[in-house]
Amino acid sequence: MKLLLKIFRNGLGAIIAFFSWIIPVGKTKRSHEAQKEVDKKTQNLELYQFFGCPFCIKVRRVIRKLGLKIVVRNAQTAGTYREELLKKGGKIQVPCLKITTDNKITWLYESAEIIVYLEKRFR
Ligand SMILES: N[C@@H](CCC(=O)N[C@@H](CS)C(=O)NCC(=O)O)C(=O)O
């Protein structure tokens, strides 16, 4: 039963991810120089996520809309990123944006807060 539910959730997630991928987002336009500046800033950001999670898909759409190059980390399956999210972020909940600055690392949970952060910083 648990396995069936997992297959259903993953399948549904994949379908949502597919439609999100084919539906255009209306990309932000920037000059080459401005994009280079943005690319420099996004080097310090990582999105911990599950591929088919609707909250993660919502955040990925905003990332695409804003033209951001943010590395995504798969926290769904056991491994380094899932462990890191749990130990350093504090819990397994995605999406979570890891923000690295010179002297500190912030783990930003909640899709709505991540979207507000990205739109404030990069719009
Ligand atoms: N309110 C949160 C909800 C996030 C959420 O429920 N994420 C699920 C995946 S869709 C999760 O992290 N579940 C933990 C797990 O499956 O272990 C948000 O908007 O980011």
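Counting starts at 1 for both ligands and their atoms, following the listed order.
In this structure the side chain of Arg60 reaches within 4.5 angstrom of the side chain of Cys56, judged on heavy atoms. Proximity of Gln43 to Asp39: side-chain heavy atoms (C-beta onward) are nowhere separated by under 4.5 Å. The shortest distance between side-chain heavy atoms of Thr100 and Thr106 does not fall below 4.5 Å. Side-chain atoms of Asn74 and Tyr81, non-hydrogen and from C-beta on, never get closer than 4.5 Å to each other.
Taking the charged nitrogens against the carboxylate oxygens, Lys98 and Glu84 do have a contact shorter than 4.0 Å, which makes a salt bridge.
Near ligand 1, residues Phe50, Cys53, Phe55, Ile92, Gln93, Val94, Pro95, Glu110, Ser111 each place a heavy atom inside the 4.0 Å sphere around the ligand atoms.
Arg64 meets the salt bridge (charged side-chain N to carboxylate O under 4.0 Å, His left out) test with no other residue; sequence neighbours excluded.
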